[in-house]
Amino acid sequence: MRTTVGIIGGGPSGLLLARLLHRAGVDCVVLESRQRAYVERRQRAGILEQSTVDALREAGAAERLDAEGLVHDGIELRWGGGRSHRIDFPSLASGRRVWVYAQTEVVKDLIALRLADGAPLHFGAEVTSVEGVDTDRPVVTYVQEGRTRTLTCDYVVGCDGFHGVTRAAVPGAARTTYERTYPYSWLGILADVPPSCDELVYAHSSRGFALHSMRSPDVSRLYLQVPNGTDPASWSGEQIWDELDFRLARDGRQLERGPITAKSVLPMRSSVTEPMRFGRLFLAGDAAHIVPPTGAKGLNLAAADVVVLARALIRQRTAGSTDLLDAYSDTCLRRVWRAEHFSWFMTTTLHTDPEQSGFDTRLQISQLERIASSPHAAAELASNYAGLPIP
Ligand code: RFL
Ligand code: PHB
């Protein structure tokens, strides 16, 4: 098989890139190791920033998002057993806002469009190697239904997430990875109960971080900071609700409780691999960088990368110029590092490190009070959260 752009991974970054290229007449093949049902059910991000929504609209993939997505104009911060402050996006972030629309739904929409277009998207196709990325004809080898096949490409894009194979196709001497792990994880639940608050609530408490989020008017998504290595089965439903009530408490009001339909633990890590290109291999999304989820940036960074890359690939095909491809890594990394900093800032301001001293806690509270009292500090948070424009 031959194609212009071989896309490895059918998560949000691979599927959005395929959609943007297809609309511009650039042919591409998407290889996804998992089956469709698995990819469509994987619970992950829930917040789309303005640029991501703009990109999905431009890709003609926002019909359901525009009908069903929940527009949010702010978030609430809570701390110190009763203090709270609302961050208002329209007034602080130049009119930019965010949407609650689950990653599962973005993925479903993009898969449906690609299949309706009759464009190649192979499920159960596990890429095992990428070779010749420093030549004109890189070759991707994959296994599908027990048979080994190859795909020869002009360009290969690694959209295969943090545990994929493409990052390792860049020789070790040609890449550098910068990393940080955090001494805590998130226990996340989905519950069949209407959200108890209209907006997302990020809470700092004496027993650690909690987040109130949602998926729809009938489904809540909530998170608790837990120690690394926590077994989700070790928390009963009642313990989870009690702890959420403690950490999110305001005016003694309790959260609405309902049946918990999913429960999982996710570790927190920051990682960036530079550069995001080697020869004819380009890395995008989680394959190149991950953030702890406290800033809601992972999916949005993945979308921004492929918007920049699609533009560059289309320019190469239509005008024969590689200038945007040559600039791809630097263009993305500037924005990536801003999001890395913001995600680190939100994480370390709101979580309790097990080694944390009383001094550290007072610095966190001071930072939260500063955001509450200074429009400049609040605007800095709001503009990063609602997302910077894609360059
Ligand atoms: P994805 O979504 O990981 O997609 C990669 C795809 O590549 C496939 N793949 C392969 N295909 C073929 N051959 C191989 N050898 C392959 N190896 C892997 C995988 O099956 C998969 O379909 O990366 P992408 O597209 O870059 O998208 C990034 C986002 O998914 C990610 O940034 C966010 O979901 C991060 N994230 C969260 N972000 C938030 O903003 N809020 C959250 O609540 C949130 N929760 C999460 C998350 C990431 C998680 N992971 C990756 C552990 C929860 C989890 C569990
Ligand atoms: C979510 O709804 O899953 C979510 C929202 C905001 C975050 C992280 C996760 O910062």
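Source: prediction; values computed, not measured. Order of appearance sets the numbers: ligands from 1, and atoms from 1 within every ligand.
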Run the side-chain hydrogen bond (donor to acceptor under 3.5 Å, both in side chains) check on Glu49 and Trp99 step by step: do they pass? CA-CA 6 Å; Glu49 59 187 44; Trp99 277 250; over 6 Å; no
Ligand 1 contacted by Gly188 (non-hydrogen, < 4.0 Å): no
Of all the non-hydrogen atoms in the protein, which one sits nearest to atom 42 (C) of ligand 1, and at what distance? Ala45 CA, 3.4 Å
Over 12 non-hydrogen atoms of neighbours within 6.0 angstrom of CZ in Arg370: no
Can you sort out which atoms of ligand 1 are near Gly298, meaning under 4.0 Å from one of its heavy atoms? 32 (O), 40 (O)
Taking only non-hydrogen atoms of Arg34 and a 4.0 Å limit, the atoms of ligand 1 in range are 20 (O)
For Asp88 and Ser91, which I'm curious about, is there any donor-acceptor pair between the side chains at under 3.5 Å? yes
May I ask you to identify, for Ala287, whether its side chain, its backbone, both or neither come under 4.0 Å of ligand 1 on a heavy-atom basis? neither
Distance under 6.0 Å and angle within 45° of the ring axis: does Arg277 meet both against Tyr328? no
For the aromatic rings, using the six-membered ring if either is Trp, is the centroid distance between Phe209 and Trp186 under 6.0 Å? yes
Quick test of your reading of the structure: of Val130, Asp286, Val291, Ile47, whose heavy atom lies closest to atom 28 (C) of ligand 1? Asp286
Just wondering, are more than 12 heavy atoms of other shown residues or ligands nearer than 6.0 Å to CD in Glu179? yes
Does the side-chain hydrogen bond (donor to acceptor under 3.5 Å, both in side chains) test come out yes or no for His204 and Gln364, once each step is laid out? CA-CA 9 Å; His204 176 285; Gln364 290 177 322; 2.7 Å; yes
Have a look at Val140 and tell me which of Leu31, Thr166, Thr150 forms a side-chain contact (heavy atoms from CB on, under 4.5 Å) with it. Leu31
Please list, in number order, the atoms of ligand 1 under 4.0 Å from a heavy atom of Gly11. 4 (O), 6 (C), 22 (O), 25 (O)
Could you label the plane-to-plane angle of the Trp344 and His341 rings as parallel, tilted or perpendicular, counting under 30° as parallel and over 60° as perpendicular? tilted
For Arg42, the atoms of ligand 1 under 4.0 Å from one of its heavy atoms are 19 (C), 20 (O), 21 (C), 22 (O)
closest protein heavy atom to atom 23 (O) of ligand 1 is Gly161 CA, 3.8 Å
Taking the six-membered ring of Phe246 (Phe, Tyr or Trp), confirm whether the NZ or CZ of Arg207 is under 6.0 Å from its centre and within 45° of its axis. yes
Could you walk me through whether Arg96 and Ser51 pass the side-chain hydrogen bond (donor to acceptor under 3.5 Å, both in side chains) check? CA-CA 9 Å; Arg96 297 170 77 78; Ser51 309; 2.7 Å; yes
Atom 20 (O) of ligand 1 has as its nearest protein heavy atom Glu32 OE2, 2.6 Å
Taking atom types as modelled and ignoring hydrogens, do the side chains of His289 and Asp305 form a donor-acceptor contact shorter than 3.5 angstrom? yes
Does ligand 1 have a heavy atom under 4.0 Å from the side chain of Leu31, from its backbone, from both, or from neither? backbone
Considering Pro292, Ser13, Gly9, which one's heavy-atom position lies nearest to atom 24 (P) of ligand 1? Ser13
Identify, for atom 13 (N) of ligand 1, the protein heavy atom at the shortest distance, and state residue, atom and that distance. Val127 N, 3.0 Å
Side-chain donor-acceptor pair present, Tyr202, Tyr385, cut-off under 3.5 Å: yes
Is the backbone of Thr141 close enough, under 3.5 Å, to the side chain of Thr128 for a donor and an acceptor to pair up by distance? yes
shortest atom 27 (O) of ligand 1-to-protein heavy-atom contact is with Pro12 CG, 3.5 Å
Distance under 4.0 Å to a non-hydrogen atom of Gly164: what atoms of ligand 1 satisfy this? 17 (N)
I'd like to know if the side chain of Asp154 and the backbone of Thr3 have a donor-acceptor N/O pair within less than 3.5 Å. no
Distance to 0.1 Å, residue and atom name: give those for the protein heavy atom nearest to atom 18 (C) of ligand 1. Asp160 O, 3.2 Å
Taking both backbone and side-chain atoms of Tyr223, is any N or O found less than 3.5 Å from an N or O belonging to ligand 1? yes
Between the side chains of Ser321 and Asp323, does any donor sit under 3.5 Å from an acceptor? yes
Which atoms of ligand 1 are found less than 4.0 Å from any heavy atom of Ala296? 40 (O)
Can you work out which protein residues put a heavy atom within less than 4.0 Å of ligand 2? Arg44, Gly46, Ile47, Trp186, Leu200, Tyr202, Leu211, Ser213, Arg215, Arg221, Tyr223, Pro293, Thr294, Ala296
For Tyr38, what are the other residues in its hydrophobic cluster, where any two members join if their side-chain heavy atoms are less than 4.5 angstrom apart? none
Give me the residue, atom name and distance of the protein heavy atom closest to atom 48 (C) of ligand 1. Arg44 CD, 3.8 Å
Quick one: nearest non-hydrogen protein atom to atom 5 (C) of ligand 1, plus distance? Cys159 O, 3.3 Å
Which ligand 1 atoms does Gly285 reach within 4.0 Å, using its non-hydrogen atoms? 26 (O)
Just jot down the ligand 1 atoms closer than 4.0 angstrom to any heavy atom of Lys297, in number order. 40 (O)
Residue that, paired with Arg19, satisfies side-chain contact (heavy atoms from CB on, under 4.5 Å) out of Leu113, Leu56, Ile111: Leu113
Measure from atom 9 (N) of ligand 1 to every heavy atom in Ser129, Pro293, Ser33 and give the option owning the shortest one. Ser33
Under 3.5 Å: N/O of Gln103 near N/O of ligand 1: yes
